[in-house]
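In what follows, every chain begins at residue 1, and chains take the letters A, B, ... in the order their sequences are listed.
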Amino acid sequence: MFQQLFERSADAIFLFDPAREVFVDCNQAAVEMMRATDRQQLLLVHPAELSPEYQPDGKTSRDKTSEVIDTALAKGSHRFEWMARGMDGNLFPLEVLLTTIHEGERPLMATVCRNITERKLAERQILELNASLEQRVNERTAALQTSEARFRALVEHAPEAIVVFDGDTGRFVFGNEHACRLYGVPMEKLAELTPADVSPEFQPNGRRSSELARELMDEALAGGMSVFEWLHRQQPDGRLIPTEVRLLRLPAEGQNLIRASITDNTERKRAQAALADSEALFSAAFEGSPILIVIARMSDQTYVLVNDAFVKWSGFAREEILGRDSTEFSIWESQDERDEVWADLRRAGSVRERECRLRNRKGDRTTMLISLEVIQINHSPHVLAMGLDITQRKQAEVEILKTLAREKELSQLKSNFVSMVSHEFRTPLGIIQSSAELLREFYQKMQPGQREEQLESIARNTCRMAGMMEGVLVLSRLDAGKLDFHPAALDLNLFCRRVVDEVLSATNRRCAIELTVNAVPVESQADEQLLGHIFTNLLSNAVKYSEPGAMVGLTVERDGQDAVCAVRDRGIGISVEDQRRLFKAFSRGSNVGTRPGTGLGLLLVKRCVELHGGRVKVDSKVGEGTTVMVRLPVFPKEP
Amino acid sequence: MKKILVIEDEPEMRRNITTLLRYHDYEPVAAANGREGFEAAQREQPDLILCDVTMPELDGYGVLRALQAEASLARIPFIFLTAKGEKNDLRSGMDLGADDYLTKPVANAELVRAIEARLRRAEHQSHREFKVRETRRRNPRRCQDSGTGGA
C-alpha cells in the first residue's frame with residue numbers, strides 16, 4: 001500500500017541515503033519533474049548534481065545538502081526550499097520535506113519535493129504588487145499631506161470666516177484668520193468660546209442667541225444644511241455685525257463636528273438698504289415724472305410698466321394698457337414711423353430725442369420727443385421709452401418762425417421804404433438846389449421870365465417834398481399802429497359835403513365835383529380821420545388827372561352794412577401795366593407828365609380802407625378815365 | 001464849343017442843366033428819355049453825355065450798353081446823374097463802364113467840374129492816340145516790331 005502511495009503520489013518523492021548522500025529510489029513524478037528519461041538517471045546521484053552549483057542563499061549545493069541532512073537527522077524532518085536543475089538544464093524552485101525513515105538499520109530519508117515555480121511566481125508578483133501598493137500609498141499620503149496643507153491654507157486664509165465647533169459641547173475647535181478677525185478674538189482663545197459668546201444676548205428675531213444656536217446646531221447635526229442670518233458681536237467694542245451663516249456637519253469619526261462659514265453682511269445690508277432707497281427713489285421719479293415713461297418687452301412689444309403721466313396722456317386705463325402693444329391703441333400716427341423707430345432701436349440699442357407724432361384715445365395729435373433704451377429685466381431685453389410732449393413748444397416754434405419771418409419782411413420793407421423815400425426826395429431836392437444856384441450865380445444874365453420859372457420850380461418842388469413827407473408820415477403812423485381805427489357816430493352825408501368843399505377849395509375849383517348820396521342813413525359808425533384821408537386823396541387825384549373844367553363824381557350808396565363810395569373822373573386814366581403797381585409806394589403812372597404827385601396817395605387810401613375793414617377797387621382805361629370804388633362797413637345791421 | 005447831351009426825364013431838371021451848361025459855354029442837347037437820348041447821341045455825336053438812370057422807355061444802363069455796342073459812340077465820356085444814391089447803384093453804374101457817377105442833389109459847380117474833368121481827359125487821350133497814329137504812319141516797321149504800343 002505504501003509502495004502504491006509512493007508510486008502514484010503527485011509529488012515527486014526521492015529516497016535518499018544520507019550516508020552515501022545519493023538518491024536510491026524515486027517515483028514517476030520525480031522522473032517527470034526532473035525531465036529524466038527514466039528512473040535510473042536519477043539513482044545513485046548526489047543532489048548537487050541535480051542542482052545548480054549554488055543555492056539562492058549563496059552556499060554551494062553540496063554544502064547545503066550536508067547542512068539539510070544534518071538538520072533533518074537532528075530534528076527528524078526538515079522543510080526547506082531548494083533550487084533544482086532538471087535534466088534539460090532548466091532551474092526550478094522546490095519545496096522539500098526531508099523526513100528521516102528507518103528501513104532496518106540503515107537510515108534513509110524520504111525527500112518529498114514540490115515544484116513551487118508557480119508559487120514563487122505568485123509570491124514575486126505579490127511582492128511586486130505590495131511594493132507598488134506601498135509606493136502608491138506613499139505617493140497618496142504625500143499628496144494628501146500637500147492637499148491638506150493646501151486646503152488648510154485655503155481655509156485659514158479664506159476670504160470668508162470659517163469656524164469648526166464641537167456639536168456636542170458647542171465650543172469652537174477651529175477658526176480661520178478671518179473668523180478671528182470677525183469675532184475680534186485671538187485664535188488661541190477661540191477654543192474657550194461658544195457661538196453665543198461672540199453674539200449679542202438676543203438675535204433680531206427676539207430669540208436668545210444661546211438657545212437659537214443650540215437649535216441650529218442640532219439641525220445641522222441631524223444632517224441638514226442650514227443657512228441663516230446671524231448677528232455677531234465683535235470683541236472688544238461690542239460692534240454688531242450682521243452675517244450670513246451656513247452650517248454643515250463634518251464627516252468625522254467619533255466627533256460631532258460642525259463647520260460654519262460666515263459672511264459679513266454689513267456691506268450687503270448697506271447695499272440692500274441703498275438699493276431699496278434707490279428703488280424707492282426711482283419708483284417715485286418714475287411715477288411722479290411729468291415725462292411719459294413706459295417699459296415694454298422687446299420680444300412682443302407689449303407694455304409691462306407705464307407711469308401716471310403716460311396713463312393720463314393716453315386716456316386709457318392702466319389695466320387696458322398693460323400686456324398690450326402700441327398698435328392696439330393706434331398711438332402712432334404713422335405705422336412707418338413706428339417701424340423705423342423700432343428698427344433703429346434694434347440696430348443701435350437706443351434711440352435719442354426723436355420727434356414723433358403720436359395720438360391719444362381722444363385722437364389729440366401730439367408731437368413727442370422720445371428716447372428709447374434697451375434694458376435687461378430678469379435677463380430679458382426690454383425697452384425703456386421716455387416721451388416729452390413738445391406739441392406746444394413746436395407750435396410756439398412755428399409761431400416764432402412766422403413772427404420772425406414777418407419781422408424780417410417788415411424790416412426789409414422798411415429799409416426798402418427808407419431807401420425809396422431818400423431816392424424820391426433826391427429829385428425835387430436836386431431841382432430846388434440847381435434852381436437856387438442858377439438864380440444866385442446867373443441872376444443878372446436871366447430874363448425876368450426865366451427867374452420866375454426858377455422860383456416857381458423851387459416852390460413847386462418844395463410843395464412836392466412837403467406832400468411826400470406828409471404821406472410818408474401818415475404811412476409810418478399807420479405802420480407803427482399810431483393811426484388806429486376809432487369809429488364814432490358820423491353823418492356820412494354831411495362829411496362828404498365837407499370833404500368835397502375842401503377839395504374844391506384846395507384845387508382852385510379846377511373841376512366841378514358832383515356829390516350823389518343815395519338813401520344813406522344819418523347814423524353811421526366810421527373813423528372820420530381815416531375817411532378824411534381816403535376821400536381827400538381820391539378826389540384830389542380825380543381832379544388832378546382831369547382836364548380843367550371836367551366833371552368829377554362822388555357817389556355814396558348803402559349796400560347792407562356797407563357804404564359803397566365811387567369816385568369817377570374822365571381824366572387821363574391808368575394803363576394796365578401801371579395798374580399792377582398802383583398801390584406801391586412812390587409808383588406813378590407813366591402818363592402823369594408834369595402833374596405833381598408823390599406816388600403815395602393810393603397806397604395811403606388802401607391802408608386806411610383796410611384799417612376800416614373795407615375794400616378798394618380801381619377800374620380805369622387810358623384816355624377814358626378812372627373809377628375808384630371803396631366799400632366800407634359803416635352801417636348797423638338792417639332791422 | 002463842346003456839345004453835351006443831357007438825357008433826363010424830369011423836365012425841370014433837364015431845363016436847369018441845359019441852362020447851366022449854356023451859361024458855361026457848352027452846347028447842350030436835351031433828350032426826355034433813354035430811347036430819345038440814344039438817337040440824339042447817334043445823330044449829334046456829342047463830346048460828353050450826362051444821363052439819368054431811372055427813366056421811361058430805356059433806362060440809363062440801357063443807354064450806356066447801347067452806346068458801347070456802337071464803335072463810334074463807345075468812347076464818348078459818359079456821366080450818370082441820378083437820384084439812385086445807394087452804394088450798389090454806384091458800383092453797378094461804374095462797372096458798366098461809366099466815367100463818373102453823380103448823385104442828386106448835386107451842386108452846379110460840382111457838376112460843371114465833373115464835366116470839365118472828363119472832357120479834358122478825353123482830349124488827352126485823343127491827342128495821345130493821334131500821336132501814336134502819326135508815329136505809326138512815319139515808322140511802320142518799328143511800330144510793328146514793338147507791337148501795338150502807345151495807348
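Taking non-hydrogen atoms and a 4.5 Å limit, the residue list of residues 8-16 of chain B in contact with chain A, ordered by number, reads B:Glu10, B:Pro11, B:Glu12, B:Met13, B:Arg15, B:Asn16. Using a 4.5 Å heavy-atom cut-off against chain A, no residue of residues 28-51 of chain B qualifies as contacting. Among the residues in residues 457-465 of chain A, those with a non-hydrogen atom closer than 4.5 angstrom to a non-hydrogen atom of chain B are A:Ser457, A:Arg460, A:Asn461, A:Arg464.
For A:Met629, the CE atom is loosely surrounded, since the number of other residues' heavy atoms within 6.0 Å does not exceed 12. Surrounding CD of A:Gln447 are at most 12 heavy atoms belonging to other residues, nucleotides or ligands under 6.0 Å away. Heavy-atom neighbours of A:Arg498 CZ from other residues, nucleotides or ligands within 6.0 Å: above the threshold of 12.
B:Tyr23 and A:Phe442 have parallel rings, their planes meeting at less than 30° on a 0 to 90° scale where 60° marks the start of perpendicular.
Between B:Val53 and B:Asp59, the shortest heavy-atom distance links the atoms O-CB, 3.1 Å. Contact record, B:Asp89 with B:Tyr101: CB-OH, 3.3 Å, taken as the closest heavy-atom pair. Nearest heavy-atom pair, A:Cys608 versus A:Ile534, reported as atom, atom and distance to 0.1 Å: CB-CG1, 3.6 Å.
The distance from atom NZ of A:Lys606 to atom CD of A:Glu610, rounded to the nearest 0.5 Å, is 4.0 Å.
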### Message
Would B:Tyr26 and B:Glu116 count as a side-chain contact (heavy atoms from CB on, under 4.5 Å) here? Give the steps.
### Response
CA-CA 10 Å; B:Tyr26 291 110; B:Glu116 281 171 353; 3.2 Å; yes
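Applying the side chain to side chain donor-acceptor pair (under 3.5 Å) test to every pair with at least one member in residues 568-577 of chain A, sequence neighbours left out, gives these pairs: A:Thr555-A:Arg568, A:Ser575-A:Asp578.
Under the 4.5 Å side-chain criterion, counting only non-hydrogen atoms from C-beta, B:Arg118 is not in contact with B:Phe78. Annotation: side chain of A:Phe535 is in contact with side chain of A:Leu554 (closest heavy-atom distance under 4.5 Å).
Between B:Glu134 and the choices B:Arg136, B:Lys131, B:Arg137, the salt bridge (Lys or Arg N to Asp or Glu O under 4.0 Å) rule is met once, by B:Arg137.
Residue A:Gln454 touches chain B through both its backbone and its side chain, counting heavy-atom pairs closer than 4.5 Å.
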